[in-house]
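What you see below is based on every heavy atom in this structure, not just the backbone, and it leaves out hydrogens, waters and symmetry mates. Naming convention: chains lettered A, B, ... in sequence-line order (proteins, then strands); numbering from 1 in each chain.
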Amino acid sequence: MDNLAIARVLAEIGDLLEIKGENPFKIRAYRNAAETASHLAERLADLTPPQRLAIPGIGKDLAAKIGTLIETGSIAYHQELLQEFPASILDLLHLQGVGPKTAALLYRELGIRTLDDLEAAITQGRLRGVKGIGEKKAGQILRAIGERAQVAGRRLMAEATETADPLLAALRAHAPDGDISLVGSLRRGCETTGDLDIVAGGAPPSVIDAFTGYDQVERVLAHGATKSSVLLRGGFQADLRLVARESLGAARQYFTGSKAHNIALRDRALQRGFKLNEYGLYRLEDDAAVAGADEEGIYRALGLAPIPAELRENRGEIEAAEQGTLPVLVTAADLRGDLHMHTTATDGRADIETMARVARDLGHRYIAITDHSQALAMANGLDERAALAHAARIRSVNERVEGITVLAGIECDIRADGTMDLADECLAQLDVVVASVHSAFTQEPEQMTERILRALECPWVDILAHPTGRLLLRREGFRYDMERVFAAAAERGVAIEINSQVDRLDLRDTQARLARDRGVTLIIDSDAHSPAALRNQRWGVAVARRAWLTAADVLNTRTLDELRPLLRRHRAAGSRR
DNA sequence: GCCGTTTTCGGCCCGACTGTTTTCAGTCG
């Protein structure tokens, strides 16, 4: 049983407890544990019971329940709750405007178990007379049922940013003296996001009207004096919060989250005799404002170094901020090159020279052209002969393009048995070899582990690319023993990629952090298939920052002179990094 | 259900908006 399956059960228990009206803190404990489980880099099933107990937010009871779940596939407590409430009523909770109380009421009063039941009940007027539900509420629910497919779902970080940028520009144009900025999960650099959160400080009240009147707004969900929510065309929700300038830092802190970070921070505030809300940090004894205009002041007043938004997940950043050990996170400006991209030789859209010029204009000092190997026949993958001919063309581009060094590489398939798709003699003649899995994703974890380990044994492999093969919102990655692969990569000096394609971002944040902790060097590559996609490294940088990586942890922050000796072909046989 | 250099019991983050209400519960973030 994997972490996501465990997380789903724990989250479902949380939902069921909420419908039941249980202690809110007990509910939070289950949800908190679900959140933790879903982001944990190590597999819970691979941990010993004491190791599970050591995870923050998992105590004796939850550790035991998780153990039972792993061993038997279910938790009795969960099954008992499902006896009280059918699992299908949890769908009701996802409707805008329907929470646990309403769901419980509908089930108890009218026996409503499914969305279809609810829709029928409303259209038949059976909700009339139910306490707390009037005409408007019923209409709202009916609309939510109709819109659920459209509204449901998260967006990729890149897509959400594309939606946010023009909206921010429109608000800034309306309120040029205001300070208007993106907060929420997008500011934290999360790989996907459920909505857009915007904070405006020192802007006129009319900015709210500019927001609800934005031309991409499909429907206004809420419209107050300081807070407003809209549904944008395409079904993406955006929230705007207007605060006074002296509260801007507090509002940005509050709405950037994460929820777990904020709870921990406010707990810390209380312990130190303060109250923290979206307006500021106040002394409990006399309500005097201590900080609020900027985020830094709030963190400092709480005895913390300012915490970068990407780290605010309550995964150790508060302790590190207290001890002054926060990492200096890698930035896009630290990147000097890009070692994974494609051209028209296989499935890219531009030729070598175009890619080189665009990369140079982006500020890169070196790139590697790494087209596909023969196994990817549908992408016109290259065989040994074609790969070497392509390498010659790549190297010749250096004579025509100034200001950047173009390395001849390959993205070589790791075949199902772990052998490389091109012969060693060919790989040995290239400058860089990127190895990837593109087939047989469904191998058992044991087999996949052996497959990747075998690939890392090939002395010419420099980089393991998109190491889980996941596609965000579409496909889970393949499973294998990451600890063993990380250990082998660290031992052999193979870099592991954070792939910056908008729907890959693979490795993910927590896994990249674990890899680094195990001594692996990471690399942030674009895997660009077009010149425009070379800019995608910014998304990979966001993941790297969420993984606590510094420039020193990332291979392509090195100069070319520093990089070359780190490639395996340039290392003395048997030597390690 | 978790957690503890003021606690092994008694805490646990905080406020805006809406709809159904005559003072507030529910939802949301």
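Nearest to the side chain of A/Phe25, among B/dG1, B/dG15, B/dG29, sits B/dG1. Closest to the side chain of A/Lys101, out of B/dC12, B/dT20, B/dG26, is B/dG26. For A/Asn277, the listed nucleotide lying nearest its side chain is B/dG15; candidates were B/dG15, B/dT18, B/dG1. When each of B/dG29, B/dC2, B/dA16 is scored by its nearest atom to the side-chain atoms of A/Tyr254, the top-ranked nucleotide is B/dG29. Taking only side-chain atoms of A/Thr102, from C-beta outward, the nucleotide of B/dC17, B/dG26, B/dG19 with the closest atom is B/dG26. In this structure, of B/dG15, B/dC12, B/dT18, it is B/dT18 that holds the atom nearest to the side chain of A/His223. When the nucleotides B/dG29, B/dC17, B/dT20 are ranked by their closest atom to the side chain of A/Ala222, B/dC17 comes out on top. When distances are taken from the side chain of A/Lys227 to each of B/dC14, B/dC28, B/dC12, the shortest belongs to B/dC28. When distances are taken from the side chain of A/Lys137 to each of B/dG29, B/dT20, B/dC2, the shortest belongs to B/dT20. Closest to the A/Thr226 side chain, of the nucleotides B/dG15, B/dC17, B/dG29, is B/dC17.
Each of A/Phe274 and A/Lys131 lies near DNA chain B, and the nucleotide nearest A/Phe274 is the one positioned closer to the 5' end. Nearest-nucleotide mapping onto DNA chain B: of A/Tyr30 and A/Val130, the residue sitting toward the 5' end is A/Tyr30.
With rounding to whole Å, A/Leu105 atom CG is found 14 Å from B/dG19 atom C1'. The CD1-P distance, from A/Ile263 to B/dG29, rounds to 15 Å in whole Å. Distance, A/Glu278 CD to B/dC14 P: 11 Å, rounded to whole Å. Between A/Tyr279 atom OH and B/dG29 atom P there is a gap of 17 Å when expressed in whole angstrom units. In this structure, the CD atom of A/Gln96 is 15 Å from the P atom of B/dC17, given to the nearest Å. Between A/Arg31 atom CZ and B/dC28 atom C1' there is a gap of 12 Å when expressed in whole angstrom units. Atoms CZ (A/Phe211) and P (B/dC17) sit 13 Å apart, rounded to a whole Å. Taking atom CD1 of residue A/Ile141 and atom P of nucleotide B/dT18, one finds them 17 Å apart after rounding to whole Å.
If you check the side chains of A/Asp209 and A/Ser206, you find no donor sitting under 3.5 Å from an acceptor. No donor-acceptor contact under 3.5 angstrom links the side chains of A/Glu246 and A/Tyr279, judged on distance only. Donor-acceptor pairing under 3.5 Å is lacking for the side chains of A/Asp91 and A/Ser88.
At a threshold of 4.0 Å, the pair A/Glu18-A/Arg31 counts as salt-bridged, since one of the basic side-chain nitrogens sits closer than that to a carboxylate oxygen. The pair A/Arg268-A/Glu322 counts as a salt bridge, with a side-chain nitrogen and a carboxylate oxygen less than 4.0 angstrom apart. Under a 4.0 Å N-O distance rule, the pair A/Glu278/A/Lys227 does not qualify as a salt bridge. Checked for salt-bridge contact, A/Arg300 and A/Glu296 meet the test: a charged N lies under 4.0 Å from a carboxylate O.
Using a 4.0 Å heavy-atom distance criterion, A/Pro100 is classed as a sugar-phosphate-only contact. Across all strands, A/Glu18 comes closer than 4.0 Å to no nucleic acid atom at all (heavy-atom distances). Across all strands shown, A/Leu17 has no heavy atoms under 4.0 Å from either base or sugar-phosphate atoms. Nucleic acid contact class of A/Ala269 (heavy atoms, under 4.0 Å, all strands): none. Contacts of A/Leu265 with the nucleic acid, taken as non-hydrogen atoms under 4.0 Å apart, are absent. Base engagement by A/Asn23 is indicated by at least one non-hydrogen atom pair under 4.0 Å involving a base atom. Across all strands, A/Arg28 comes closer than 4.0 Å to base atoms (heavy-atom distances). Nucleic acid contact class of A/Asn262 (heavy atoms, under 4.0 Å, all strands): none.
When each of A/Arg188, A/Lys259, A/Arg513 is tested with A/Glu313 by the rule salt bridge (Lys or Arg N to Asp or Glu O under 4.0 Å), just one qualifies, namely A/Arg188.
Only the P atoms considered, B/dT8 is 16 Å distant from B/dC12, to the nearest whole Å. B/dT18 and B/dT23 have their C1' atoms separated by 15 Å, with the value rounded to a whole Å. Taking atom P on both B/dC14 and B/dT21, the two are 30 Å apart, rounded to the nearest angstrom. Rounded to whole Å, the C1' atom of B/dG1 lies 24 Å from the corresponding atom of B/dT5. When the C1' atom is used for both B/dG29 and B/dT22, the distance is 28 Å, rounded to whole Å. Between B/dT27 and B/dT20, the distance separating the two P atoms is 13 Å to the nearest Å. B/dC9 and B/dA16: their C1' atoms are spaced 34 Å apart (whole Å).
Around atom CZ of A/Arg535, no more than 12 heavy atoms belonging to other residues, nucleotides or ligands sit under 6.0 Å away.
Taking 4.0 angstrom as the limit, A/Ser228 places none of its side-chain polar atoms (N or O) nearer than this to OP1 or OP2 of B/dC17. The side chain of A/Lys60 places no N or O atom within less than 4.0 Å of a non-bridging phosphate oxygen (OP1 or OP2) of B/dC3. For B/dT7, neither phosphate oxygen OP1 nor OP2 lies less than 4.0 angstrom from any side-chain nitrogen or oxygen of A/Gln271. Of the side-chain N and O atoms in A/Lys26, one or more sit less than 4.0 angstrom from OP1 or OP2 of B/dG1.
Across all strands shown, B/dG15 pairs with B/dC28; the Watson-Crick or G-U wobble distances both stay below 3.5 Å.
In B/dT7 the base sits syn relative to the sugar, since the glycosidic angle is no further than 90° from 0.
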